[in-house]
Amino acid sequence: MASFDFDAAVRWARLDPRRTLARRADAELPFASEDEVAGQALLLDTCVYIDKLQGRSPGIVESLTATRLVNHSTIAIQELMHTVGVLDPGDPRTRGATSTIRGLIMAMRPHRVFAPDADILGRAALLCGIVCRLQGYSADHKLRALHDCVLLLQAEKLGLTLLSANVADFDILLQLLRPARVLFYRRPSSPAR
């Protein structure tokens with residue numbers, strides 16, 4: 001496989017601290033603020049779409065997505081489509097939810113949708129394995145962790161900033177990938193995690 005260098009990925013994986021990582025204090029993390037609305041283009045974590053759809057998106061997210069160039073990952077599309085798949089066809093709310101998700105995905109401009117390449121997927125799987133081992137993630141958390149790793153590495157490779165409310169998981173990844181860029185936000189009335 002020409003676009004994935006196995007040996008380079010394994011050398012890259014030496015970032016292993018060989019210890020469980022702890023969530024850092026908010027003051028040590030890059031939270032979005034109204035003072036810094038303008039800036040680098042964004043890649044949106046799936047939670048951003050869900051928060052917008054559920055009306056839980058804070059004003060800072062609205063400001064950021066209105067001001068900065070917004071990009072989308074096929075990983076987020078995949079997670080949104082998974083949601084459509086798990087909805088109960090017999091539930092009367094399913095048709096409305098499916099229609100809303102369809103509208104959201106169809107509104108994504110094709111030239112702003114990016115698919116991870118073999119390098120990103122290979123390094124993300126390696127990083128996910130390290131994180132799952134260090135943090136002792138259970139089986140249900142492993143797939144979410146893999147998607148998070150792909151999104152973060154994709155944002156890094158494209159020179160984008162990842163926007164997310166997932167502070168707990170991405171803080172761990174940022175401790176391993178210091179050059180990566182993430183902007184966090186809090187949902188209204190969301191307790192610290």
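Numbers for residues simply follow the sequence, beginning at 1.
Scored by the side-chain contact (heavy atoms from CB on, under 4.5 Å) test, T100 finds L53 as partners (sequence neighbours excluded). With sequence neighbours left out, R56 forms a side-chain contact (heavy atoms from CB on, under 4.5 Å) with I50, D51, Q54, R187. Applying the ring pair (Phe, Tyr, Trp, His ring centres under 6.0 Å) rule to F184 yields the partners F31; only residues at least two apart in sequence or on another chain are considered. Shown here are the salt bridge (Lys or Arg N to Asp or Glu O under 4.0 Å) partners of D91, two or more places apart in sequence or in another chain: R93. Partners of H141 according to the ring pair (Phe, Tyr, Trp, His ring centres under 6.0 Å) rule, which considers only residues two or more places apart in sequence or in another chain, are Y137. In this structure A41 satisfies the side-chain contact (heavy atoms from CB on, under 4.5 Å) test together with L69, N71, L160, sequence neighbours excluded. Not counting sequence neighbours, E36 has no partner by the side chain to side chain donor-acceptor pair (under 3.5 Å) test. Residues that satisfy the ring pair (Phe, Tyr, Trp, His ring centres under 6.0 Å) test with Y185, not counting sequence neighbours, are absent from this structure.
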Apply side chain to side chain contact (heavy atoms under 4.5 Å, CB included) to R112 and V70, showing your working.
CA-CA 7 Å; R112 293 281 166 224; V70 174; over 6 Å; no
Output, in order, the C-alpha distance, side-chain angles, deciding distance and verdict of side chain to side chain contact (heavy atoms under 4.5 Å, CB included) for T46 and Q78.
CA-CA 9 Å; T46 309; Q78 184 181 34; over 6 Å; no
V113 and I77: side chain to side chain contact (heavy atoms under 4.5 Å, CB included), yes or no, with the steps?
CA-CA 9 Å; V113 176; I77 294 171; 3.8 Å; yes
I'd like to know whether R181 forms a side chain to side chain contact (heavy atoms under 4.5 Å, CB included) with L174, so could you lay out the CA-CA distance, the side-chain angles of the two residues, the decisive distance to 0.1 Å, and finally the verdict.
CA-CA 8 Å; R181 290 180 298 264; L174 283 175; over 6 Å; no
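Listed for the T83 side chain is a donor-acceptor partner under 3.5 Å among the backbone atoms of E79. A donor-acceptor pair under 3.5 Å is formed between the side chain of T94 and the backbone N or O of D88.
Taking hydrophobic clusters as Ile, Leu, Val, Met, Phe, Trp and Tyr residues chained together by side-chain heavy-atom distances below 4.5 Å, L163 does not share a cluster with I172. Residues V150 and L44 are members of separate hydrophobic clusters, defined by side-chain heavy-atom contacts under 4.5 angstrom among Ile, Leu, Val, Met, Phe, Trp and Tyr.
Sorted by first then second residue, the ring pair (Phe, Tyr, Trp, His ring centres under 6.0 Å) pairs that include residues 88-135, not counting sequence neighbours, number zero. Sorted by first and then second residue, the salt bridge (charged side-chain N to carboxylate O under 4.0 Å, His left out) pairs involving residues 59-71 (not counting sequence neighbours) are K52-E62. Listed by first and then second residue, the ring pair (Phe, Tyr, Trp, His ring centres under 6.0 Å) pairs that reach into residues 68-91 are Y49-H72, sequence neighbours excluded. Under the ring pair (Phe, Tyr, Trp, His ring centres under 6.0 Å) criterion, no residue pair touches residues 83-103, with sequence neighbours excluded.
Note that CG of L151 is 6.0 Å distant from CG of L43, once rounded to the nearest 0.5 Å. Here CD of E156 is found 6.0 Å from CG of L153. Values are rounded to the nearest 0.5 Å. Between the CG atom in L104 and the OG atom in S99 there is a gap of 11.0 Å [rounded to 0.5 Å]. To the nearest 0.5 angstrom, N166 atom CG is 5.0 Å from D148 atom CG. For the atom pair L42 CG and L183 CG, the distance stands at 7.0 Å (nearest 0.5 Å). The CD atom of Q154 sits 3.5 Å away from atom OG of S73, with the distance rounded to the nearest 0.5 Å.
What you find for L146 and C128 is that their closest heavy atoms are N-SG, 3.4 Å. Between L64 and V37, the shortest heavy-atom contact is CD2-O, 3.5 Å. Nearest approach of A97 to L87, heavy atoms of both residues: CB-CD1, 3.8 Å. Considering every non-hydrogen atom in both F170 and L152, the closest pair reads CE2-CB, 4.1 Å. Between I120 and P116 the shortest heavy-atom distance is CG2-CB, 3.8 Å. Across all their heavy atoms, A115 and T74 have their closest contact at CA-OG1, 3.4 Å.
Side-chain contact between I105 and M81: present, with at least one pair of heavy atoms (C-beta onward) separated by less than 4.5 Å. Side-chain atoms of C149 and L173, non-hydrogen and from C-beta on, do get closer than 4.5 Å to each other.
Ion pairing of R123 with D119 is present here, as a side-chain N (NZ or NE/NH1/NH2) and a carboxylate O approach within less than 4.0 Å.
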